[in-house]
Amino acid sequence: MDEIHIDKVLRSRRRTIALIVTPEARVIVRAPLKTPAALIDDFIKKHHGWIWKKVAEMKERPQAIAHAYEEGEIFWFLGRSYPLHIIDGPGAGIQRTDRLCVPRTTTPDIRSGIQRWYRAEAAQEIRSRCMWFSMMTGYSPASVRITDARQRWGSCTNKGGLNFSWRLIQAPLEIVDYVIVHEFVHLRQPDHSQKFWTKVEALMPDYDLRRKWLRENERLLKI
Ligand SMILES: [Zn+2]
């Protein structure tokens, strides 16, 4: 039996021990405050097979792209890939053709310019999809905001406002739509109960496939 490396043990006021394997394949144990170390070791041994399986699964998933913001690097927009093309001389801002054309003079730098562009595009696309789903479902969010979140693609405030990360706009439209529908249903059902998923399914019968795509490809969206 191979040794399992535990990255972190987090103790808190909880009642049970739980194991988490992060998308980066790190193994984290959550345990009640006074759990003896031996009990934690036992728990890990007992779940050895599950941990290995999970770690292997996470390692197989697509990795985040580390961008250097150089010519030819791939950027995703609504599920399609666009190689970066850096234009010399003053351009008319960032343009998406079959490439992502970015003037070299973009301020303060190309990286921030691209992120600003993504954010503006995300605001436009996500707001228009939200309007469409409002018409389809009769649910209406109090506001739609675009955030800089790296993990939470969407969230719902207790005042009925919806937040979406601009990073989501890199994913195919059907994935963007899934996150929107998910948050729309939260307007009326704040938890992830069976009732919640039944409502999601009623609006989007193949939601599970889209959810799976997002789980498996989330690292692609982390730029
Ligand atoms: Zn949710």
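Every number for a ligand or one of its atoms is a count from 1 in the order of the listing.
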- Query: Between Glu174 (side chain) and Arg210 (backbone), is there a donor-acceptor pair under 3.5 Å?
  - Reply: no

- Query: Is a side-chain N or O of Asp7 found less than 3.5 angstrom from the main chain of Ile28, in a donor-acceptor match?
  - Reply: no

- Message: Can a donor-acceptor pair be found, under 3.5 Å and without considering hydrogens, that links the side chain of Ser134 to the backbone of Tyr139?
- Response: yes

- Query: Do the two ring centres, one from Trp117 and one from Phe77, sit under 6.0 Å apart?
  - Reply: yes

- Could you pull out the atom name of the N/O/S atom in His192 that is nearest the Zn ion (ligand 1)? NE2

- Note on the structure: the Zn ion (ligand 1) -> His186, closest N, O or S atom is NE2

- Metal proximity, Cys156 vs the Zn ion (ligand 1), N/O/S cut-off 2.8 Å: no

